[in-house]
There are 2 protein chains.
Amino acid sequence: MAPRKRGRRAGISRESVLQAALDVAANDPAGPVSLNAVARALRVSPMAIYSYFASRDDLLQALTAALLDGLVIAVPEHATPARKIEIWAHAFRDYFLERPQLITMLSWDNGHTSIAWINQSKILMEALESMGLDGPELGETLLWIWSVVMGAIHAELLDKQSPRGMQDWEFEDLDPTMQRGVRFIREAMAAPDHHARLFNFQIARLTDAIERWGGERFARRTLKAAPQDI
Amino acid sequence: MAPRKRGRRAGISRESVLQAALDVAANDPAGPVSLNAVARALRVSPMAIYSYFASRDDLLQALTAALLDGLVIAVPEHATPARKIEIWAHAFRDYFLERPQLITMLSWDNGHTSIAWINQSKILMEALESMGLDGPELGETLLWIWSVVMGAIHAELLDKQSPRGMQDWEFEDLDPTMQRGVRFIREAMAAPDHHARLFNFQIARLTDAIERWGGERFARRTLKAAPQDI
DNA sequence: ACCTGAACACCGTTCAAGT
DNA sequence: ACCTGAACACCGTTCAAGT
């Protein structure tokens, strides 16, 4: 309560700032993590944080890394590549659903991809390689999987924190065809495991496509390598 | 320049506010549309806007509707359902790429889905229905397509407005396996039509899966309807 | 080196007052 | 009814000053 004297050491550190940021994020998962809120939690002036982080962006980068560090994905060694991808995706989903702030910070807030995030994709990459993917195609597939997984999780979180409520008058403004569609959507979302089912479905289509696609590419490459000009 | 007198009519209207908001959005596609910025463009006090819109949310809702109104998707009547979905998805992508603000406002800012947005999906729904989808399954498929299309476009825009630059020291901190992966990603993204190709690929997988899935469901339903107990 | 305070340029919204 | 101005509670960041 007693206001600190000018320049008096508050005894904060990079770690304690990070911990405070984690607390702020945990207390309000929906809202953005602001420097001011972190400073308030630490009972210091907002500017004190600048001694440990260059900017808000810098703090968020460290925060995402800290949050991601807790994620350890283990896959059975003898599982098929497709199964490994499935396990990877579901582990990601579970982890993000418990830490709703992460998805925003990781892929939407500023677009910066943290190192920790990339390192977490090792299992994914190894699975793709063993499916015969290589070079730019492997890179493209990685980007694709990220987009689908993050998109699906983001949509799920958004829906959970603010269910798309539609007013009656809005519903009546709709085209009759779409009124039926909206009813179907509501029916679909009424199922208690709706989000899990939708996620499962997307990942299944994903691995399905990769298996087929990777197989084709692999066959083509093997064909090219064969001595056809003899 | 001359400051308006208190209460003096500025002569703005719901339409002029909306137009100003469109201008603001066009001038800074990356940044959010703020009430203050719109007021500045109109040369009125921010509070004047509250005479025409209940809140910032209300203004954004109207803004998205106005932006979406310009989108008219026409599909050849005799195209296959899958082809219709493809055309729909690409029309959406083209439209959104020219109006980068839309994607944020529509699906990420507050999560409110505008009526205009839903009405735009009529073609999509008709295509799905003619593929044999119905009920909650149709609703689920609609949600899925939205998620994929919006996710892909969002990722593309984000990448364009702030390319994921990675510092050298960051690269060296990576696991060797992922260093190779990141190199592949860079190679993939070096292609000039990279985004278009990735989008094409995703939509192709999407229609592929729906055709197969819808077909299965259709067959099962037909089977059920058949007089098997005779 | 670490921290504060004042300042600047933002943001959305409420409330009272003026025409 | 329409609009302003002051006020409130935010936000990130710069800069000078204090210990």
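Since the model is a prediction, treat every value here as computed from it, not as a measurement. All chains are named by letter (A, B, ...) in the order of the sequence lines, taking the proteins before the strands, and each is independently numbered beginning at 1.
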Legend entry - A/F53 six-ring face occupied by A/R56 cation (under 6.0 Å, within 45°): no

Inset, instruction - Answer yes or no for B/R14 and B/Y52: cation-pi contact, defined as NZ/CZ to six-membered ring centre under 6.0 Å and angle to ring axis within 45°. - result: no

Legend entry - Contiguous Watson-Crick or G-U pair runs (3 or more, under 3.5 Å) in DNA chain D: C:4-8 with D:12-16, C:12-16 with D:4-8

Inset, instruction - First locate atom CE of B/M178, then atom CZ of B/F171, and finally report the distance between them rounded to the nearest 0.5 Å. - result: 10.0 Å

Inset, instruction - Could you tell me the separation between the CD1 atom of A/I87 and the CG atom of A/L124, rounded to the nearest 0.5 Å? - result: 12.5 Å

Inset, instruction - Please determine if a side-chain N or O atom of B/R40 lies less than 4.0 Å away from the OP1 or OP2 oxygen of C/dC11. - result: yes

Inset, instruction - Ignoring backbone atoms, test whether A/S45 places a side-chain nitrogen or oxygen under 4.0 Å from the OP1 or OP2 oxygen of C/dT4. - result: yes

What is the distance, rounded to the nearest whole Å, between atom [atom1] of [X] and atom [atom2] of [N]?
X	N	atom1	atom2	value
A/L60	D/dC11	CG	C1'	13 Å
B/F53	D/dC2	CZ	P	13 Å
A/L59	D/dC11	CG	P	13 Å

Legend entry - Heavy-atom side-chain contact between A/Q202 and B/S147 under 4.5 Å: yes

Legend entry - Side chains of B/H90 and B/N200 in contact at under 4.5 Å (non-hydrogen atoms): yes

Filtered N/O pairs between nucleotides 12-14 of chain D and protein, under 3.5 Å:
unit_1 : atom_1 : unit_2 : atom_2 : d
D/dG12 : OP1    : A/L35  : N      : 2.8
D/dG12 : OP1    : A/R56  : NE     : 3.0
D/dG12 : OP2    : A/L35  : N      : 3.0
D/dG12 : OP2    : A/N36  : N      : 3.1
D/dG12 : OP2    : A/N36  : ND2    : 2.5
D/dT13 : OP2    : A/Y50  : OH     : 2.7
D/dT13 : OP2    : A/R56  : N      : 3.0
D/dT13 : O5'    : A/Y50  : OH     : 3.1

Inset, instruction - Classify the angle between the aromatic ring planes of B/H154 and A/H154 as parallel (below 30°), tilted (30 to 60°) or perpendicular (above 60°). - result: parallel

Inset, instruction - Kindly assign one of parallel, tilted or perpendicular to the pair A/F92 and A/F96, based on the angle between their ring planes and the thresholds 30° and 60°. - result: parallel

Legend entry - Euclidean distance for P, C/dA9 against D/dC10 (whole angstrom): 22 Å

